[in-house]
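Everything below concerns the one structure shown next.
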Amino acid sequence: MSELPKQYDPKTYEQELYSAWEKAGVFKPNQTAIKEGKQPFVIMLPPPNITGSLHMGHALQDTVMDILVRFHRMLGQPTMWVPGIDHAAIATNRVLEKQLTAEGLSRQELGREAFLERAEKWYEDTGAIILDQMKRLGCSCDWTRQRFTMDTEYSRAVQEAFVRYHAKSLIYRGNRMVNWCPRCESVVSDLEIQHEQRSTRLVTLRYPLTDGSGAIEVATTRPETMLGDTAVAVHPADTRYTQAVGKTVRLPLMDRVIPVIADERIDQSFGTGAVKVTPAHDPLDAQLGETHKLPIINIIGESGALTEQAGQFAGLSVGEARKAVLKALDEQGVVVSEEDHQHAVSLCERCGTVIEPLISRQWFMDMSKLKSETISVAEQGLVKFAPPRWKKHFIEWMKSVHDWTISRQIWLGHRIPVWWKPGARGTNNEEGNYVVSVEKPEGEWEQDPDVLDTWFSSALWPFATLGWPQQSENMKTFYPTSVLVTGRDILYLWVARMVFSGLELLKDPVYERPAQKDRIPFDTVFIHPTILAKGGQRMSKSLGTGVDPLELIEQFGADATRFGLIYQTSFDQQAMKFDESAIKASRNFVTKLWNIARLIDSVEEKDVPTVADEWIRARSLTVTAEVTVLLEAYKFGEAAHVLHEFVWKDFADWYLEILKVEGSTVVARQVFTHTLQILHPFMPYVTEVLWKHFNQSDFIATSEWPAVEAAGSMAEEPMQYFQQVVETIRSARVLFNIKPNSTVDIYLDKPVFSPAAAAKMTNATLIETSTSTMRHIPLPAGGVIAIGSEEITEEGVRGAEAKLIKEQQVLKSSLVGQEKVLDGMRGKADPAVIAEKEALLTRSQERLREINKSLSLLK
RNA sequence: GCGCGUAUAGCUCAGUGGUAGAGCGCUUCCUUGACAUGGAAGAGGCCGUAGGUCCGAUUCCUACUAUGCGCACCA
């Protein structure tokens, strides 16, 4: 056994060990275990955006996954963690467009084909930096199975999914109100918009009734849309307008006659209680328009400019039009008043541009059937959530989901497998003039220029990565997967969509998966906490609150970064404020492990087990059981605390101190290597290095998780007494103001199991009989120890007396309180609890007697 | 606006129907060969505010305040 270096330097080992694991195929599913029919443990990495780099959220998420994967690997299950990346169409599209802008080119000038070539080159150049960063964290992914959502096979799966959904009428072509981003010139889904409170001007306009009986005043924050008004609506019960319903008004500027309608969806209390209706550019108005069969006048085009329908305002941007329309209205005396108003505007999540609601021909996913089955499996618990409260969120959200707009008007992404008869697309004559097919059909057809929402392809991730739509061996062995680990932000965006995709697309009899449970992509969804900056702000580069995990790895090592992150989390936590001091503390913990190993090496070989050996063995079994249970329950932070305390307090501070004097180095090594094993999922590197150091064959990464056994032991009590004696002597030094480096005489009327260790740990000499000059100190569990030292002066004794009197007083008042509590409990509380309480009281009383006794002995 | 969380030591967080715990930080002492990235001993909290249930509430309930998040078609 070679000698360990004095210091542990992570950089010396991390990369080398990682390659060694990879080379040995440690990260691949164990084929023997598969043949033996052991339950596989499978995790699909939520594919990060190819444009991204590792941030703290990833670091936590990846650590959680790696802990699970390493834990289950050690449990002997065939374990597979499939990595991959997402093409992130909208994000990449933006990057490329920026490049073009810099070159003074528009994407139209470049052309679609050249644009896509650039994209491909960009993907190649960028590579998946983030995946390499994961390797530095120590993630044990099976890199031979790495996938990209744009690779040929995957793209094929995406198109196949579209075709199959369409065949089941779950995808349809519709002309409906959508969220349009004028900057992206594309539709975006409900989940890709954000709401923001903004202050704006609420303008009240006066529309004259055509019969000359007055006018109706309507309030609006978007005066320019009045050009597309096709009605004025009021609440049927609103007496102010009863007269007007059924009449018509003359729309200013446009000189159009439009009806006054009544509808219960109008809020009487807002503004004037009357609302202008623009079915083409407002979601509520669209609904009203549908109910009341109102004409739809599109005045805003897809570029964000006003259309021909806007008459004299055609060509203006929305912003320009607002000013111009307002000015024109004002000149005609239509504007009654203006006031400041707070309201929510919809913004494009990607670029922050204000979303224009407009009616457009798009591809939609019909959610009605899909959602009911998804809700049902969640309610039945066929897909589990951890922490469990996310189940409710999931169901609630699913219940309110609308049809999903899946087409996007960008070039990058999976092209929609729909083929049009030339000239048919975008007309009122679409029906029957297209074919849905992965391959181009015979004859003259033009492929739909749109691409699919990135999430449409991500939704297929758990099975498309395993070879779907083929009925592959991988699908049979590894699907459904075990756990999906993710943040709550994509619970709806992604998780929900994977669930219904799996449920629906695996219904085909060829997959032999009639049971819902076999079609749901994962057994459990684990939602980890969101990481915030220490002050509670969102972590972001622009706010300067971001922390780079790679810098932490560089400075403290991967093990410390992982452990520190996990140490700060707890199971039911929604957000975690990141404190770098935890990483530092974990680095110290890694050092502690290192030095423990060095101490074990330096202690002379011996094998005469004492109570301490028995105690630490039992403790280690208990800890193994606890950690196992906690890991199975996704309680990673809690497990980290248990391990930290055991290693530092029990093993290092007590057990090893005793081992220096007597005991068994065999037991020490055994307990320590077991501890390394249960620490391995958290800290893969240092545990692997130390495992090898203690001459263990193979890798700790593939070693067998220690068996969980009952820890029957009689050592607890003598060990506890030993600890009390040592602590009491140490406290007594402070009490009497005795220097730590001067020896004291100690007399114990009840001996400890290892007097030599107790003596060494307290720098004391244990003597056979007490002498008259010795001072007496009570032990917490009863009994008295005598302490003698030349340094005990009258002053020291008086100081001790003062401290004891203080303790006596505290104890006395506590006793009064305890008795009062007990009085209240008698006859009302659970007898067992009362008994427990009484025992506590008795102990306090004994303690008081001891203090009184030692006070009298001090005199 | 509706919904879901959180409020405990200076900081980051556990926890319990019976007068509170950890890590870091702080104070004092210790350079005794595993570790100063260490050891020992300590200080420090009317457990957000106000009510309610109970013999008893930091813990359960209600309201409020602060803070985070999600959802939302108030023109």
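Chain letters run A, B, ... following the sequence lines, proteins first and then strands; every chain starts at 1. The basis for the numbers below is simple: all heavy atoms, side chains too, and nothing from hydrogens, waters or symmetry mates.
At whole-Å resolution of the value, CG in Asp579(A) and P in C24(B) are 11 Å apart. We find that CD1 of Ile583(A) is positioned 14 Å from P of C24(B), with the value rounded to whole Å. When rounded to the nearest whole Å, the span between CD1 of Ile395(A) and P of C71(B) equals 17 Å. Atom P of nucleotide G39(B) and atom CD of Glu727(A) are separated by 14 Å, given to the nearest angstrom. In this structure, Leu491(A) atom CG and G70(B) atom P are separated by 12 Å, rounded to whole Å. Distance, Gln194(A) CD to G70(B) P: 8 Å, rounded to whole Å.
Note on Arg587(A): a base of the nucleic acid sits closer than 4.0 angstrom, heavy atoms only. Contact annotation for Gln568(A): backbone-only contact, meaning every heavy-atom pair under 4.0 Å involves sugar-phosphate atoms and none involves a base. Heavy atoms of Ala582(A) sit nowhere under 4.0 angstrom from any nucleic acid atom. Here Lys649(A) lies in heavy-atom contact (under 4.0 Å) with sugar-phosphate atoms only. Residue Trp390(A) is out of contact with every strand shown, counting any heavy-atom pair closer than 4.0 Å. Looking at heavy-atom distances under 4.0 Å, Asp282(A) makes no contact with the nucleic acid at all. Residue Lys592(A) is in base contact, counting any heavy-atom pair closer than 4.0 Å across all strands shown. At a threshold of 4.0 angstrom between heavy atoms, the contacts of Arg733(A) with the nucleic acid are absent. Lys760(A) comes within 4.0 angstrom of nothing in the nucleic acid, heavy atoms only. Within the 4.0 angstrom heavy-atom criterion, only backbone atoms of the sugar-phosphate kind lie near Val734(A); the bases stay farther away. Using a 4.0 Å heavy-atom cutoff across all strands shown, Ser581(A) reaches sugar-phosphate atoms only and no base atom. Contacts of Tyr567(A) with the nucleic acid, taken as non-hydrogen atoms under 4.0 Å apart, involve only primed sugar atoms and P, OP1 or OP2. Nucleic acid contact class of Gln573(A) (heavy atoms, under 4.0 Å, all strands): sugar-phosphate only. In this structure, Ser269(A) reaches neither bases nor backbone, as no heavy-atom distance under 4.0 Å exists between it and the strands shown.
A salt bridge is defined here as a Lys NZ or Arg NE, NH1 or NH2 lying under 4.0 Å from an Asp or Glu carboxylate O, and Arg826(A) with Glu838(A) meets this definition. A salt bridge links Glu605(A) with Arg669(A): at least one charged nitrogen is closer than 4.0 Å to a carboxylate oxygen.
Annotation: of the two residues near RNA chain B, Leu599(A) and Ala575(A), the 5′-most nearest-nucleotide partner is Ala575(A). Both Asp653(A) and Lys806(A) sit near RNA chain B, but only Asp653(A) has its closest nucleotide nearer the 5' end.
Across all strands shown, the partner of A41(B) is U27(B), judged by Watson-Crick or G-U wobble contacts whose two distances both fall under 3.5 Å. As the counterpart of A22(B), U12(B) is assigned, both hydrogen-bonding distances of the Watson-Crick or G-U wobble pattern falling under 3.5 Å. Both distances falling under 3.5 Å, in either a Watson-Crick or a G-U wobble arrangement, place C60(B) opposite G52(B). Base pairing of G33(B): no nucleotide in any strand meets the Watson-Crick or G-U wobble criterion (both distances under 3.5 Å). Remark: C73(B) base-pairs with no nucleotide in the shown strands. Criterion, Watson-Crick or G-U wobble with two distances under 3.5 Å.
Closest approach to the Val821(A) side chain among G18(B), C24(B), G68(B) is made by G18(B) (side chain taken as heavy atoms from C-beta onward). Here C35(B) is the nucleotide among C4(B), C35(B), A40(B) with the atom lying nearest to any side-chain atom of Arg598(A). For Met825(A), the listed nucleotide lying nearest its side chain is G18(B); candidates were U37(B), G18(B), C4(B). For Lys584(A), the side-chain atoms get nearest to G25(B) when compared with the rest of A34(B), C4(B), G25(B). Each of C71(B), C29(B), C13(B) was ranked by its minimum atom distance to the side chain of Leu191(A); first place goes to C71(B).
Under the 6.0 Å cut-off for aromatic ring centres, Phe526(A) and Tyr634(A) qualify, their centroids lying closer than that. Checked against the 6.0 Å centroid criterion, the rings of Phe385(A) and Trp390(A) do not qualify as a close aromatic pair.
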With salt bridge (charged side-chain N to carboxylate O under 4.0 Å, His left out) as the test, would you mind laying out the steps for Asp572(A) and Arg389(A) before giving the verdict? CA-CA 9 Å; Asp572(A) 207 20; Arg389(A) 64 194 152 91; 3.2 Å; yes
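Residue Glu657(A) places a side-chain atom within donor-acceptor reach of the base of A34(B), judged by atom type and a 3.5 Å distance cut-off alone.
For the residue pair Thr842(A) and Gln845(A), no side-chain donor N or O sits within less than 3.5 Å of a side-chain acceptor on the partner. Between Thr225(A) and Lys276(A), the side chains place a donor N or O and an acceptor N or O closer than 3.5 Å (distance only, hydrogens not considered).
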